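Since the structure is predicted, the reported quantities are computational estimates derived from the model, not experimental observations.
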Amino acid sequence: RALVLGFFSPTCSACTHHLPDFGTFSKRAQEKGVQAVAVVDGDAAQSEELRASLPAGTTTLLAPRNSNPLLDAFQVSAYPSYTVVRADGTVEGTYGQVRQLDARLARL
């Protein structure tokens with residue numbers, strides 16, 4: 001199953017504006033059989049407000065960089081960013097805007 005990871009941080013002001021769009025994208029992705037996950041660089045307390053801005057039902061993973069290697073493994077250097085992983089596990093690409101994901105969704 002293909003996967004789209006949206007990387008966000010509670011210290012990123014732009015992330016607050018992008019999260020609702022990612023939540024909407026997440027619903028479209030699920031309809032196409034693609035899993036979308038919001039990955040937050042922060043613990044539960046730090047990310048509470050950010051997570052609250054996501055639409056209900058959006059899958060969220062807390063992955064604070066200081067205690068989880070996921071962000072380093074995906075070479076996350078900016079927030080927000082979005083990584084598309086094909087069903088075979090290969091990374092298709094990393095993008096800076098949700099609208100770039102829609103074109104990828106049809107090909108996954």
Side-chain angles (χ1 to χ4, degrees):
R1 183 172 182 188
L3 172 69
V4 176
L5 299 170
F7 295 100
F8 304 95
S9 171
T11 61
C12 162
S13 60
C15 289
T16 304
H17 301 292
H18 287 256
L19 271 171
D21 291 338
F22 184 76
T24 301
F25 169 81
S26 177
K27 290 179 184 179
R28 287 193 307 273
Q30 285 216 299
E31 291 170 1
K32 302 279 186 182
V34 175
Q35 178 70 44
V37 178
V39 181
V40 181
D41 179 5
D43 63 27
Q46 294 168 323
S47 65
E48 184 176 355
E49 187 177 324
L50 196 68
R51 289 180 295 123
S53 66
L54 282 164
T58 304
T59 303
T60 305
L61 173 66
L62 299 180
R65 188 181 294 270
N66 62 353
S67 63
N68 190 309
L70 182 70
L71 299 172
D72 290 331
F74 279 96
Q75 301 177 355
V76 176
S77 61
Y79 299 104
S81 64
Y82 310 93
T83 297
V84 177
V85 181
R86 295 185 182 278
D88 67 4
T90 60
V91 174
E92 189 268 347
T94 299
Y95 306 93
Q97 297 185 1
V98 173
R99 69 173 187 236
Q100 294 172 296
L101 301 175
D102 286 314
R104 299 331 182 250
L105 189 56
R107 292 185 234 154
L108 294 174

Heavy-atom side-chain proximity of P10 to E49 below 4.5 angstrom: no

ring-ring contact (aromatic ring centres under 6.0 Å, His included) partner of Y82, the single match among F74, F22, Y95: F22

For E92, all residues meeting salt bridge (Lys or Arg N to Asp or Glu O under 4.0 Å), sequence neighbours excluded: R104

All pairs passing salt bridge (charged side-chain N to carboxylate O under 4.0 Å, His left out) where residues 53-63 contributes a residue, at least two apart: none

Residue pair C15 / S9: nearest heavy atoms and the distance that separates them: SG-N, 3.6 Å

Linked, directly or transitively: V37 and V34 (ILVMFWY side chains, under 4.5 Å): no

Separation of C12 SG from H18 NE2 (nearest 0.5 Å): 7.5 Å

Residue pairs, two or more places apart or on separate chains, that pass ring pair (Phe, Tyr, Trp, His ring centres under 6.0 Å) and touch residues 53-72: none

Same apolar cluster: L105 and V91, side chain cutoff 4.5 Å: no

With D43 via salt bridge (Lys or Arg N to Asp or Glu O under 4.0 Å) - residues at least two apart: none

Partner set under salt bridge (Lys or Arg N to Asp or Glu O under 4.0 Å) for R51, not counting sequence neighbours: none

Exam field: side chain Q100 to backbone G96, donor-acceptor pair closer than 3.5 Å: yes

All side chain to side chain contact (heavy atoms under 4.5 Å, CB included) counterparts of S81, not counting sequence neighbours: F7, V76, T94

L5 reachable from L19 in the ILVMFWY side-chain graph, under 4.5 Å edges: no

Worked verdict on Q46 versus L62 for side-chain contact (heavy atoms from CB on, under 4.5 Å): CA-CA 10 Å; Q46 294 168 323; L62 299 180; over 6 Å; no

Pairing residues for R99 by the side-chain hydrogen bond (donor to acceptor under 3.5 Å, both in side chains) criterion, not counting sequence neighbours: Q97

Option among L54, D41, L50 that satisfies the side chain to side chain contact (heavy atoms under 4.5 Å, CB included) test with F8: L50

Smallest separation among heavy atoms of P20 and P55, with atom names: O-CG, 4.4 Å

Any V4 side-chain heavy atom under 4.5 Å of F25 side chain: yes

Q30, CD atom: more than 12 neighbouring heavy atoms under 6.0 Å: yes

Sequence-distant partners of R86, salt bridge (Lys or Arg N to Asp or Glu O under 4.0 Å), two or more places apart: none

Partners passing side chain to side chain contact (heavy atoms under 4.5 Å, CB included) against D21 (at least two apart in sequence or in another chain): V98

Sequence neighbours excluded - side chain to side chain donor-acceptor pair (under 3.5 Å) pairs with any residue from residues 52-61: Q35-T59

Sequence neighbours excluded - salt bridge (charged side-chain N to carboxylate O under 4.0 Å, His left out) pairs with any residue from residues 69-80: R65-D72

All side chain to side chain contact (heavy atoms under 4.5 Å, CB included) counterparts of A63, not counting sequence neighbours: V39, N68, L70

